[in-house]
*Asks:* 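Quick one: the structure is below, questions incoming.
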2 protein chains.
Amino acid sequence: MNISTRGRYGLMAMTELAMRYGQGPVPLKTIAESQGLSDSYLEQLFAALRKASLVRSVRGAQGGYELGKPPEAISVGDVLRVLEGPLAPAECAIEGKDDFTHCGNPDRCMARSVWVRLRESIEKVVDSINLASLCEEARNQSGQGLMYYI
Amino acid sequence: MNISTRGRYGLMAMTELAMRYGQGPVPLKTIAESQGLSDSYLEQLFAALRKASLVRSVRGAQGGYELGKPPEAISVGDVLRVLEGPLAPAECAIEGKDDFTHCGNPDRCMARSVWVRLRESIEKVVDSINLASLCEEARNQSGQGLMYYI
DNA sequence: TGGATAGCCGAGCGGATTGCTCGGAATTGC
DNA sequence: GCAATTCCGAGCAATCCGCTCGGCTATCCA
């Protein structure tokens, strides 16, 4: 029951991009340093994000990545689904699939309704949070952090 | 973002035990055959379930396992936590842990609030479903299945 | 009393997944 | 043309998953 580093690092990087939205392309190296991640690993994740057009890339010197849409238009769910695949706790709960055979039970798996309810609840959360609101949270938190100066 | 076979098989087996609650101990072999699982694998899971006293064991011939409490008193969350560990999507969201260092960010991980909200929503679901209600669902479904007889 | 039926326990193991790294191309700004 | 970047594919060590196996112990029943 874990989100892998793909989803976690990817979301961190996307939030970073959201913080810098409208300031031109940001190179991966900058994101990686700022968040303490490996840039060669981030490369992989951004390949997927680009194919899903959640980010746009600018090649060459002074290039980098920027969000493909405004931060309000990108949800956490969008990012996680691209990087992690379907957000279902079990095969048989993936939306659109009516695959009962996976459960080992020839007729119906008694636990399936649990996985479906779990999936719905997970999707409700991640689809209701977008990058803009994450940014706002982050800015408020670092604002509180200012108390520790002086 | 997956529940492993430990959690899934374990929940299936526990639901089976709930269906037979009050009828004396059920051997693992019976559960395994009925659910189409491997009994030597189930053994491992039941070792953990027993230590958590979610099941009680009776050794020797005519022995087996039975629920440690009535089905209404055992939630899906109880079973999953024993078999899968903490139901958090990330280390930094485990209840009681205030471990920000895992996120790679020296100060605060911007994504943490997402993982915490996810965890809360997951726990709300699994803690609100108990084995008794799962049994009832199953009985209703197999009731509909009776249409296929004759 | 002895055999059959169970749980109990620990070790092991092949395959898949994770979390990277590396090298080298292609593209572009200066 | 050179430096900065994205792009792409391969590879790889470590870990985890999903089991299996062998042998022990406890208990019932004939």
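All chains are named by letter (A, B, ...) in the order of the sequence lines, taking the proteins before the strands, and each is independently numbered beginning at 1. Since the structure is predicted, the reported quantities are computational estimates derived from the model, not experimental observations.
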*Asks:* Calculate the interatomic distance between L83(B) atom CG and dC17(D) atom P; express it in whole Å.
*Replies:*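 Distance check: L83(B) CG to dC17(D) P gives 12 Å.
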*Asks:* Can you tell me if the side-chain N/O atoms of S57(B) get under 4.0 Å from OP1 or OP2 in dC8(C)?
*Replies:*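 For dC8(C), OP1/OP2 do have a side-chain N/O of S57(B) under 4.0 Å.
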*Asks:* Could you report the tightest heavy-atom contact between A52(B) and V82(B), atom names first, then the distance?
*Replies:*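 The pair with the smallest heavy-atom distance is CB-CG2, 3.5 Å.
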*Asks:* Would you kindly check whether a donor in the side chain of R59(A) faces an acceptor in the base of dT27(C), or vice versa, at under 3.5 angstrom?
*Replies:*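 Per atom types, no contact qualifies.
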*Asks:* Rounding to a whole Å, what distance do you find between E66(B):CD and dG7(C):P?
*Replies:*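 So the CD-P distance, E66(B) to dG7(C), works out to 12 Å.
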*Asks:* Under a 4.0 Å threshold between the charged nitrogen and the carboxylate oxygen, would R20(A) count as salt-bridged to E16(A)?
*Replies:*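 Salt bridge between E16(A) and R20(A), a charged N being under 4.0 Å from a carboxylate O: yes.
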*Asks:* Find out whether I122(B) and M1(A) are in side-chain contact, i.e. whether some heavy atom of one side chain is under 4.5 Å from a heavy atom of the other.
*Replies:*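 They are in contact (side-chain heavy atoms under 4.5 Å apart), so the answer is yes.
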*Asks:* Output one line per pair: protein atom, nucleotide atom from nucleotides 2-4 of chain C, and distance, for all N/O pairs under 3.5 Å.
*Replies:*
none

*Asks:* Report the residue (V58(A) or K29(B)) whose heavy-atom-nearest nucleotide on DNA chain C is the more 5′ of the two.
*Replies:*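 Final value for this comparison: K29(B).
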*Asks:* Can you tell me the distance, in whole Å, between the CZ atom of F46(A) and the P atom of dC8(D)?
*Replies:*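 Going from CZ in F46(A) over to P in dC8(D) covers 15 Å.
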*Asks:* Mind telling me whether F46(A) and Y65(A) have parallel, tilted or perpendicular rings, with 30° and 60° as the class edges?
*Replies:*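 Rings of Y65(A) and F46(A): tilted, as their planes differ by 30° to 60°.
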*Asks:* Would you mind reading off the distance between L42(B) atom CG and dC19(D) atom P, rounded to a whole angstrom?
*Replies:*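 One finds 10 Å between P of dC19(D) and CG of L42(B), rounded.
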*Asks:* Touch check for Y65(A), heavy atoms < 4.0 angstrom, all strands: base, sugar-phosphate only, or nothing?
*Replies:*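 Sugar-phosphate contact only - Y65(A) comes under 4.0 Å of backbone atoms but never of a base.
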*Asks:* Looking at side-chain heavy atoms only, is the closest gap between E66(B) and L17(B) below 4.5 Å?
*Replies:*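 SC-SC contact between E66(B) and L17(B) ruled out.
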*Asks:* Please state how far atom CE in M1(A) lies from atom P in dC16(D), giving the value in whole angstrom units.
*Replies:*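 Atom CE in M1(A) sits about 18 Å away from atom P in dC16(D).
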*Asks:* Tell me, with the steps shown, if E137(B) and R117(A) meet salt bridge (charged side-chain N to carboxylate O under 4.0 Å, His left out).
*Replies:* CA-CA 14 Å; E137(B) 264 181 45; R117(A) 271 184 268 181; 2.6 Å; yes
*Asks:* Should R50(A) be listed as having a side-chain N or O under 4.0 Å from OP1 or OP2 of dT6(D)?
*Replies:*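 No, R50(A) has no side-chain N/O under 4.0 Å of OP1/OP2 on dT6(D).
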*Asks:* How long is the straight-line distance from OH of Y9(A) back to CD of Q44(A), given to the nearest 0.5 Å?
*Replies:*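 Answer for the CD-OH pair, Q44(A) versus Y9(A), is 12.5 Å.
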*Asks:* Take the protein atom CD1 of I31(A) and the nucleotide atom C1' of dT6(D), then report the distance between them rounded to whole Å.
*Replies:*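 After rounding, the gap between these two atoms is 12 Å.
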*Asks:* Taking protein heavy atoms under 4.0 Å as touching, what does nucleotides 10-24 of chain C look like 5' to 3' if B marks base contact, S marks sugar-phosphate-only contact and - marks none?
*Replies:* -B-------SBB---
*Asks:* Is the shortest heavy-atom distance from the side chain of R8(B) to the side chain of W115(A) under 4.5 Å?
*Replies:*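 They are in contact (side-chain heavy atoms under 4.5 Å apart), so the answer is yes.
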*Asks:* Just verifying a value: how many Å separate L83(B) CG and L49(B) CG, rounded to the nearest 0.5 Å?
*Replies:*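 Reported value, rounded in 0.5 Å steps: 4.5 Å.
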